[in-house]
Amino acid sequence: MAGESDAAAAASREALVFEDTALVDATRKGDMSAFGTLVAKYQDRIFNMVSRMCPRRAEAEELTQEAFLRALERIGQFRGHSRFYTWLFRIAANLALSHRRRVGRIKFQSMTDPDSCGGTQADRLTAALAARRQPDPAKDAISAETARAVMAAIEELDDDFRLVVILRDVEGMDYAEVAEVTGAASGTVKSRLHRARLILREKLAHLVDVR
Amino acid sequence: MNKRDRIREQLSAYIDGELSPSQMQRVGEAVEADAELAAELESLRAVRELLRSLPAARAPGDLMDSILQQAERSRLVAAPAPAPTGALRWFRRFAIAAILAIAACIGAAIVTQLWTVPAAPTTAGRTGPAGRGTALAKNDKSEHNEQPGGYARKKYAVVAASAPSSAPAVANVDIYTGDLRAVQRDVERILGANSIKPATRRKSGRKAVAAFFHARRLSAGQVQYEIYATDDQIAAVRKELGPVIATQNAPRSFVKALRLSDSDASEYSGVLRQDRQVANERTPATSPSAERPSKPSPFLRVLRGLFGGGKAEKKRASSCPASRPGEGNGPVAASLPASRRKQDKKQKAQREQLAATSRAVANNQQSRLLITLNYRGDARSAPASRPSVPAVDRARGNR
């Protein structure tokens, strides 16, 4: 069952990569609507990742915007050796990390407040992707308090550990993709992820026991 | 590390299915045989499930629009010029070589002068902080007429106008805001209202406008406006920035630091002059010796001989726009076709605009203002917790 879902996810990722290639080519030629499609596809994922790294919502918005603008600026340098979205995630992750280093550690704010997002085209387009990433609605059945506790625990991790955990467990990337985004070796990703989970297990012991 | 520890290290990769088949089998067998390892595996799995069950944050609905707007704007600003062809390419190369040569001459002159003249303390009466822009653009009429280097000074003033990074006075305004985009819009509106326009590029270089600004994004959450304008314009801009800053819940000290109570723009000009003086005192080592009673270096004398002197003055007089045919009201002008007259008129207007800029720089009227917008997530909610703002109204030397 798990194998089938993984295969389906891999197939869908391949399809996205193919589409991305065409969209990136069109963007290179100056087609802003193609760039708009790329933004619509990935804005939620990038925002989700950035907001886990920098929980202040306004900062996350700024960084997400900056990531896309930087991607557009450097799209000529994207050679297609890696996947577009891992390249994009790498830009966003680097921005988030440097932002964190600049402003220092900041106190966690809840990201679980309901957002008043309108039903724009971007929402509709990304809703399908979000649903594909989290096909089981039961997974969302987590209380706001638990989510706050988990986010606070993530917030206390070192930057390297936090990024790996977010990319793997929140964004659902495999180890190779995490390695592409972080620029670390696969073995390093594996050990960082294990250590991060051990730390989180200690911090969330009460929640882990309850569950 | 014993076998059990090695297995333990692989538990995370095991639950993620990121091990080779043989490793998966080995870890699986070890977990089945060891209850402690099995418990550890379950707890790690529970942690993973907790992380996976975090609700996904959704980007705000208008994010895409703002990204695309920003992208369009940056594309317009950074649009590459069409590839030059043929003669234009050669002309550009020649122009670049000429600019480099002039820059090298100026640099060599400054270095030579600093090298040959012993350092003297700066005098209190001088205006302008540091840099050749101030020294060479100082346009005293008597000095202009009497000294052989007068024309060279005039020429350098024009160079300074086209190279505003060394323009004289510098004032900084830092704004800390929770809504960067809104403040950007406000700042640009205020600049536009004061006839300060974005610097545009032409094929032959930067367009000569009397007051202009560059906008640049320093980093995520930090935008800087570099403004070149007259003291009066800068004073007006800073005055109008007051409500913007007040909207952002700036501390009272911030408002005071901006001297918003100084309603008179001319009074503010005095503040700018003080800024320059402070900058002079702070950076004496880099200040040029504009008023040092010293003998010019041989290299500088050669330069002055080249640029200044009788020949140059005569040449300048002969190339004066007013004395050109076609611009007066004589019979030659009447005989020219209308298109040519229009073109001449346009060129004259451009020359006058450039001359106005040069005069502003030469008379030390054009100053530089840096407005830096800094994103602060807590600007609206908790202004008191914001760190102190050190860079307000601070005179700074050249970059």
Side-chain angles (χ1 to χ4, degrees), chain A residues 2 6 32 35-36 39-40 43-44 46-48 51-52 56 58-66 68-69 72-73 95 99 102 111-112 115 117-118 120 122-123 126 130 133-134 139-142 146-147 150-151 165 168-170 172 174-175 190-191 193-194 197-198 200-201 204 207-208 211, chain B residues 8-19 40 42-75 78-79 177-181 217 219-223 374-381 385 387:
Chain A
D6 284 350
M32 287 303 283
F35 178 66
V39 174
Q43 62 171 355
D44 275 0
I46 295 290
F47 180 75
N48 190 31
S51 60
R52 303 297 174 206
R56 289 180 196 277
E59 281 176 355
E61 282 179 37
E62 279 291 331
L63 288 168
T64 305
Q65 184 172 337
E66 180 69 19
F68 279 108
L69 291 174
L72 176 64
E73 193 182 307
L95 277 173
H99 179 74
R102 196 167 57 245
M111 289 294 302
T112 55
D115 301 327
C117 292
T120 62
D123 292 333
T126 49
R133 283 192 288 128
Q134 287 193 337
K139 282 182 181 174
D140 288 338
I142 177 173
T146 307
V150 174
M151 273 307 296
V165 162
R168 169 63 202 169
D169 289 337
V170 179
D174 60 29
Y175 283 22
K190 196 188 288 184
S191 64
L193 186 62
H194 182 64
R197 281 179 181 163
L198 290 179
L200 287 174
R201 187 183 65 179
L204 301 171
L207 293 172
V208 172
R211 288 168 71 93
Chain B
R8 188 176 279 144
E9 287 286 317
Q10 292 180 327
L11 285 179
S12 272
Y14 177 76
I15 59 175
D16 288 333
E18 292 275 353
L19 294 174
E40 197 165 332
E42 281 311 307
S43 64
L44 285 172
R45 196 169 270 153
V47 169
R48 188 181 73 158
E49 291 309 312
L50 263 180
L51 293 167
R52 283 186 167 186
S53 59
L54 277 176
R58 300 277 303 275
D62 62 344
L63 185 67
M64 188 171 86
D65 289 339
S66 59
I67 289 172
L68 292 179
Q69 278 174 10
Q70 193 83 8
E72 288 286 354
R73 197 186 301 172
S74 58
R75 281 218 156 188
T177 173
D179 191 350
L180 201 56
R181 282 193 294 276
R217 180 173 282 269
S219 62
Q222 205 177 24
V223 177
N374 303 283
Y375 175 73
R376 284 278 173 196
D378 57 347
R380 284 183 188 282
S381 56
S385 65

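Basis for what follows: all heavy atoms, side chains included, without hydrogens, waters or symmetry-related copies.
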Atom pair CD/CD1 of B:Glu42 and B:Ile15 - distance to nearest 0.5 Å: 9.0 Å

Part of A:Leu198 within contact of chain B (heavy atom distance under 4.5 Å): both

Donor-acceptor under 3.5 Å (A:Asp44 side chain, B:Ala59 main chain): yes

Close side-chain approach of A:Leu72 to A:Met32, heavy-atom, < 4.5 Å: yes

Structural part of B:Arg45 lying under 4.5 Å from a heavy atom of chain A: neither

Contact check, side chains of B:Leu54 and A:Arg52, non-hydrogen atoms, under 4.5 Å: yes

Among the listed options A:Gln65, A:His194, A:Arg168, A:Glu66, the residue most often paired with chain B at heavy-atom distances under 4.5 Å: A:His194

Part of B:Glu40 within contact of chain A (heavy atom distance under 4.5 Å): both

Most chain B-contacting option - heavy-atom pairs closer than 4.5 Å, from A:Val165, A:Leu193, A:Asp169: A:Asp169

Min side-chain heavy-atom separation B:Leu19-A:Lys190 under 4.5 Å: yes

Choice from B:Val47, B:Leu68, B:Asp16 maximising heavy atom contacts with chain A below 4.5 Å: B:Asp16

